[in-house]
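As the structure is a computational prediction, the values presented were derived from the model and not from experiment.
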Amino acid sequence: MSRVSLEGQVAVVTGAARGVGELLARKLSARGVKVALVGLEPDALKDVSARLHSDSDHWHADVTDHEAMARVAREVKERFGKVDIVVANAGVATGGPFADSDPEAWRRVIEVNLIGSAVTARAFLPVLMESRGYLLQIASLAAITPAPMMTAYCASKSGVEAYAHSLRAEVGYRGVKVGVGYLSWTDTDMVRGADQEDVMRELRQRLPWPSNKTYPLGPAVDRIVAGIERRSAHVYGQWWLRGMQGVRGYLPAVIGTVGQREMRRFADRLEGMRTGLVGAGGAADEEARMVRATQRD
């Protein structure tokens with residue numbers, strides 16, 4: 001598939017304060033893309049914006065807030081004149097046994113990862129239709145295969161994958177292309193945060209190769225950029241994920257059998273596991289929610 005020059009295009013990246021979003025913004029900027037950064041950490045977003053090579057700006061917004069994201073879409077259009085690319089990247093995660101999980105944290109993963117992606121698309125689809133642009137939804141290996149101790153994250157990423165495939169069929173005739181990006185365990189704050197729990201780290205290390213590795217962030221984001229250049233329907237952050245698509249129908253049964261064995265192995269260590277949001281991004285989301293709750297009171 002031929003690549004489209006990104007020079008002079010305008011991209012919106014959610015969850016842009018750190019990790020995949022931050023590095024993606026930098027790599028797009030290096031290709032001459034004007035970048036609108038969206039997230040919950042205004043100081044971090046401001047710092048990222050200041051380091052970019054191209055014209056950029058930042059917006060503090062919760063992707064689950066319809067009014068806030070509609071405002072961001074209007075202001076980005078006013079600021080840059082158009083929007084060509086939207087990357088729905090914002091996400092949070094939690095881990096641990098479902099039966100003992102924090103109900104609020106579990107719900108928040110679904111809200112941010114799935115509902116937040118839909119709110120983002122709803123806000124920006126009108127301008128993407130004007131530019132005949134591209135929406136890239138960041139999903140995960142978790143959309144392809146289930147995993148124990150990750151019920152909320154797997155549910156949310158399976159949801160965004162299905163949602164994006166459905167949306168592609170709806171908006172393609174309007175000139176908007178929709179892609180799904182898949183990443184395995186990649187070196188981000190989220191993954192490092194999950195690894196702070198010994199059981200989660202050891203359980204992941206017992207997965208079969210190559211899904212038991214943590215992959216460097218740079219090459220994964222390079223693949224995402226290449227997918228954006230091609231307006232690809234599927235973008236794979238690690239080379240082997242493409243092959244997983246052909247065997248995904250068998251994975252629930254395999255994971256069901258192997259997962260039960262591994263959970264039995266770790267059963268006496270599960271009590272007292274932290275089940276809140278993980279990593280610096282999770283901490284930022286929890287802080288923002290506390291601020292909003294205080295303001296309402």
Original post:
If you round to the nearest 0.5 Å, how far is CD of Glu104 from OG1 of Thr94?
Top reply: 12.0 Å

Original post:
When you look at Leu270 and Met149, which way does the side chain to side chain contact (heavy atoms under 4.5 Å, CB included) test go after all the steps?
Top reply: CA-CA 10 Å; Leu270 299 179; Met149 311 275 277; 3.7 Å; yes

Please list every donor-acceptor pair under 3.5 Å in which a side-chain atom of residues 41-48 meets a protein atom from a residue at least two apart or in another chain.
residue: Glu41; atom: OE1; partner: Arg18; partner atom: NH2; Å: 2.4
residue: Glu41; atom: OE2; partner: Arg18; partner atom: NE; Å: 3.2
residue: Glu41; atom: OE2; partner: Arg18; partner atom: NH2; Å: 3.2

**OP:** Following the transitive rule for hydrophobic clusters with a side-chain heavy-atom cut-off under 4.5 Å over Ile, Leu, Val, Met, Phe, Trp and Tyr, establish whether Val171 and Val87 coincide in one cluster.
**Re:** no

**OP:** Report yes or no: does Ser158 contribute a side-chain atom to a donor-acceptor pair with the main-chain N or O of Cys154 at less than 3.5 Å?
**Re:** yes

**OP:** Return the minimal non-hydrogen interatomic distance between Val278 and Ala194, and the atom names on each side.
**Re:** CB-N, 4.0 Å

Original post:
If you take all heavy atoms of Ser140 and Tyr182, which pair is closest and at what distance?
Top reply: O-CD2, 3.5 Å

Subject >> Closest non-hydrogen atom pair between Gly227 and Val235, with its separation >> reply: CA-CG2, 3.8 Å

Subject >> Chi angles and distances behind the salt bridge (Lys or Arg N to Asp or Glu O under 4.0 Å) call for Glu161, Arg168 >> reply: CA-CA 11 Å; Glu161 179 192 44; Arg168 180 186 302 122; over 6 Å; no

**OP:** Determine yes or no for a side-chain-to-main-chain donor-acceptor pair under 3.5 angstrom, with Thr214 supplying the side chain and Trp185 the backbone.
**Re:** no

Original post:
Do Tyr153 and Asn113 have side-chain heavy atoms sitting under 4.5 Å apart?
Top reply: yes

Original post:
Just by distance, do the side chain of Asp189 and the backbone of Gly279 share a donor-acceptor pair under 3.5 Å?
Top reply: no

Original post:
Can you tell if the side chain of Val10 reaches within under 4.5 Å of the side chain of Ile85, non-hydrogen atoms only?
Top reply: no

Original post:
Has the side chain of Ser166 got a donor or acceptor atom that lies under 3.5 Å from a matching backbone atom of Ala162?
Top reply: yes

Subject >> Single-linkage hydrophobic cluster Leu37~Ile138, side-chain heavy atoms < 4.5 angstrom >> reply: yes

Subject >> Side-chain (Ser131) to main-chain (Val83) donor-acceptor, under 3.5 angstrom >> reply: yes

Original post:
Run the side chain to side chain contact (heavy atoms under 4.5 Å, CB included) check on Val4 and Glu229 step by step: do they pass?
Top reply: CA-CA 5 Å; Val4 175; Glu229 289 176 327; 5.7 Å; no

Original post:
Measuring from Arg107:CZ to Ser101:OG, what's the distance to the nearest 0.5 Å?
Top reply: 11.5 Å

Original post:
Is His165 close to Val178 at the side-chain level, that is, under 4.5 Å between some pair of heavy atoms?
Top reply: no

**OP:** Determine the sole option in Leu277, Asp285, Thr14 for which the side-chain contact (heavy atoms from CB on, under 4.5 Å) test with Val112 is passed.
**Re:** Asp285

**OP:** Apply side chain to side chain donor-acceptor pair (under 3.5 Å) to the pair Trp106 and Thr151, showing each step before the final yes or no.
**Re:** CA-CA 8 Å; Trp106 203 99; Thr151 53; 2.8 Å; yes

Original post:
Under 4.5 Å between any side-chain heavy atoms of Val76 and Glu78, yes or no?
Top reply: no

Subject >> Worked check of side chain to side chain contact (heavy atoms under 4.5 Å, CB included) between Thr188 and Val20 >> reply: CA-CA 7 Å; Thr188 63; Val20 172; 4.2 Å; yes

Original post:
Does Asp84 reach the side chain of Tyr134, with side-chain heavy atoms less than 4.5 Å apart?
Top reply: no

Original post:
Rounded to the nearest 0.5 Å, how far does OG of Ser117 lie from CD of Gln137?
Top reply: 3.5 Å

**OP:** Find the distance between CD1 (Ile228) and CD (Gln9) and round it off to the nearest 0.5 Å.
**Re:** 9.5 Å

Distance-only donor-acceptor pairs under 3.5 Å for side chains of residues 236-243, two or more places apart:
residue: Tyr236; atom: OH; partner: Gln245; partner atom: NE2; Å: 3.1
residue: Gln238; atom: OE1; partner: Ser184; partner atom: N; Å: 2.7
residue: Gln238; atom: NE2; partner: Thr186; partner atom: OG1; Å: 3.2
residue: Trp240; atom: NE1; partner: Tyr215; partner atom: OH; Å: 3.0

**OP:** Decide salt bridge (Lys or Arg N to Asp or Glu O under 4.0 Å) for Arg79 and Asp55; before the verdict, give the C-alpha distance in whole Å, the side-chain angles of both, and the deciding distance to 0.1 Å.
**Re:** CA-CA 10 Å; Arg79 171 69 169 78; Asp55 191 10; 2.8 Å; yes

Subject >> Presence of salt bridge, Arg108 and Glu111, under 4.0 angstrom >> reply: yes

Original post:
Atom OG of Ser49 and atom CZ of Arg26: how far apart are they, to the nearest 0.5 Å?
Top reply: 13.0 Å

Subject >> Glu22 vs Arg51 side-chain heavy atoms within contact, under 4.5 Å >> reply: yes

Original post:
How many angstroms lie between OG1 in Thr120 and CG in Leu125, if you round to the nearest 0.5 Å?
Top reply: 10.5 Å

Original post:
Does the side chain of Val86 come within less than 4.5 Å of Leu136's, by heavy atoms?
Top reply: no

Original post:
Below 4.0 angstrom, N of the basic side chain to O of the carboxylate: do Arg71 and Asp62 qualify?
Top reply: no

**OP:** Report the C-alpha distance between Ser211 and Leu141 in whole Å, list the side-chain angles of each, state the deciding distance to 0.1 Å, and finish with yes or no for side chain to side chain contact (heavy atoms under 4.5 Å, CB included).
**Re:** CA-CA 9 Å; Ser211 62; Leu141 171 63; 4.2 Å; yes

Subject >> Candidate pair Arg265 and Glu262, rule salt bridge (Lys or Arg N to Asp or Glu O under 4.0 Å), full reasoning >> reply: CA-CA 5 Å; Arg265 181 193 304 272; Glu262 295 302 324; 3.2 Å; yes

Original post:
Any idea which heavy atoms bring Glu7 and Arg31 closest together, and the distance?
Top reply: OE1-O, 3.4 Å

**OP:** Would you mind reporting whether Leu6 and Leu28 have side-chain heavy atoms less than 4.5 Å apart?
**Re:** yes

Original post:
At their closest point, which heavy atom of Gly15 faces which heavy atom of Asn89, and how far apart are they?
Top reply: O-ND2, 3.1 Å

**OP:** Mind listing the closest non-hydrogen atom pair of Ala152 and Ile110 along with its distance?
**Re:** O-CD1, 3.5 Å

Original post:
Under a 4.0 Å N-O cut-off, is there an ion pair linking Glu67 with Arg122?
Top reply: no

Subject >> Cationic N near anionic O, under 4.0 Å, Asp57 to Lys34 >> reply: no

